[in-house]
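Scope of the values below: all heavy atoms of this structure, side chains included, with no hydrogens, waters or symmetry mates. Below, chain A is the first sequence line, B the second, and so on; all start at residue 1.
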Amino acid sequence: MNQTTVLRIERLCKTFGTHEVLRDVIFDLYKSDVVCLIGSSGSGKSTLLRCLNFLEDATSGSIFFWGEEVSRHQVNLAEYRAKVGMVFQNFNLFDHLNVMKNCTLAMQKVQKLGREEAEERARFYLNKVEMLPFINAKPHQLSGGQKQRVAIARALAMEPEVLLFDEPTSALDPQMVNEVLEVMRSLADEGMTMLIATHEMMFARDVSTRVIFLDEGRILEEGPPEEIFNCPKHERTREFLHGMRILS
Amino acid sequence: MTWSRYKSFYLIGARNTLVISFVSTLIGCVIGFAVGIVQAIPDDDSASKLKRIPLKVFKAILRGYVELFRGTPMIVQAVFIYYGMRMAFGIHMEMWTAAFIIVSINTGAYMAETVRGGILSIDRGQEEGSYALGMTYYQTMLYVILPQTFRNIIPQIGNNLIINIKDTSVLSVISITDLFFVHKSVSGSLYNYFESATIVMAIYLLMTLGASWLLRKLEKKIDGKKHYDLSTTDTLAHTSGLVRYERQSKE
């Protein structure tokens with residue numbers, strides 16, 4: 001491969017007590033890669049993303065960012081997290097702050113931007129997700145889709161090099177799913193490097209450059225979407241896709 | 001009769017009661033936040049044992065403070081601090097200083113648990129959203145968790161304020177001229193228990209009603225407007241493309 005590796009995950013394992021959630025997960029995320037993680041609930045998709053952002057500590061294994069190993073203790077964690085943004089299933093917008101302040105808080109406190117610069121940048125990204133008119137609204141006044149778009153703008157405003165999406169549409173009403181997927185699609189088109197845990201198979205098929213199928217914490221299959229969706233090698237993958245009504 | 005003759009005494013008593021309870025509730029809140037925040041610091045089991053011991057000891061001391069002052073009557077604490085300390089150690093404390101200290105540390109003990117509970121009740125997603133943006137534990141506490149905690153525990157602060165307005169009456173044992181002390185003096189010399197107690201009850205009720213009204217106003221103020229304004233002219237210009245965002249121009 002002559003592509004530049006942004007994130008390299010080596011033999012990542014995670015256990016909760018005796019329960020193994022991730023087993024020897026290995027893969028590389030290249031620049032402008034859009035990788036979709038698929039697999040049934042409990043297969044470890046979310047845990048993998050959370051380990052990459054150190055919201056969980058992996059039990060063993062290593063993570064390399066631009067070739068340098070990162071761990072909770074060595075690296076400037078705040079700097080790394082600002083560069084590897086995360087979008088959550090439940091949005092996790094700050095409930096007490098309006099849309100604008102949700103976006104500017106971390107820019108001001110982590111990146112030490114001035115208020116005006118932070119607001120200008122927030123406006124730019126809010127405009128991008130078409131949430132600019134709502135800068136004065138509090139999260140509880142917005143619909144799920146609107147909240148998720150604000151959350152995406154908030155993550156983008158940190159100008160990250162990688163974006164992790166943890167089932168971004170799973171908490172949304174069906175009619176709101178598309179507005180969020182559209183935003184993600186345009187990000188993919190712009191070359192944003194993304195790792196997406198999702199149950200949206202059509203989206204995964206259309207947008208991703210690679211698809212990873214996780215089963216019981218290990219990567220069972222990995223490849224371009226056509227390959228995974230049209231001729232999966234493993235029986236488990238077939239079963240899963242069949243369950244999702246992709247394969248007939 | 002009683003009122004018109006002793007009005008000024010009652011009012012002075014009421015004022016003293018209000019001053020002690022408001023100031024002490026405020027100081028108590030500060031103590032409560034400080035203690036509650038420390039109590040809520042999670043035990044970082046990835047850190048070395050040596051680093052964890054001081055925090056554990058500190059937490060245990062604070063725990064002791066909370067249990068001691070929550071678990072003994074304020075009237076006994078007042079006697080202990082004001083008379084007891086004087087007799088045992090010769091510490092002559094000003095009556096008023098003693099009053100403020102007693103009510104403050106009492107409130108602090110209760111508030112500490114309220115604050116700790118308030119912090120724990122905030123959805124973990126708030127914290128994670130903040131960490132994911134690169135904010136540290138302290139930034140997360142300061143800008144994300146505590147503002148929400150504060151909003152949520154205002155009713156409890158109101159409770160404490162009202163309790164303090166009423167319970168400062170026990171300070172009459174150290175001769176603080178609060179409202180109840182005035183009542184005791186007036187009724188003691190005139191034997192007009194019914195009138196005096198009626199007056200005093202009415203004043204207490206007025207004060208507590210005022211306090212809860214004030215707290216509700218504060219809640220409303222923090223909550224902000226019920227409706228939000230869609231950004232108009234200014235931002236419409238942004239969305240319509242009249243304003244161009246030159247992102248790279250500054251670099």
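- For chain B, no part of A:V87 is nearby; none of its heavy atoms comes within less than 4.5 Å.
- Heavy atoms closer than 4.5 Å to chain A are found in both the backbone and the side chain of B:Q126.
- For A:D95, the parts lying near chain B are the backbone and the side chain together; criterion is any non-hydrogen pair under 4.5 Å.
- Using a 4.0 Å cut-off between charged side-chain N and carboxylate O, B:R63 and B:E113 make a salt bridge.
- Side-chain atoms of B:T107 and B:N164 form a donor-acceptor pair, as typed in the model, at a separation below 3.5 Å.
- For a residue to count as touching a neighbouring chain, one of its non-hydrogen atoms must lie under 4.5 Å from one of that chain's; by this rule A:R50 touches chain B with the side chain only.
- For A:F94, the parts lying near chain B are the backbone and the side chain together; criterion is any non-hydrogen pair under 4.5 Å.
- Only the backbone of A:L93 has a heavy atom closer than 4.5 Å to any heavy atom of chain B.
- Contact check on B:E127 versus B:R124 returns a salt bridge, with a Lys/Arg side-chain nitrogen under 4.0 Å from an Asp/Glu carboxylate oxygen.
- A salt bridge links A:E182 with A:R185: the closest approach of a Lys/Arg side-chain nitrogen to an acidic carboxylate oxygen falls below 4.0 angstrom.
- Contact check for B:R151 versus A:H96: no side-chain heavy atoms found under the 4.5 Å cut-off.
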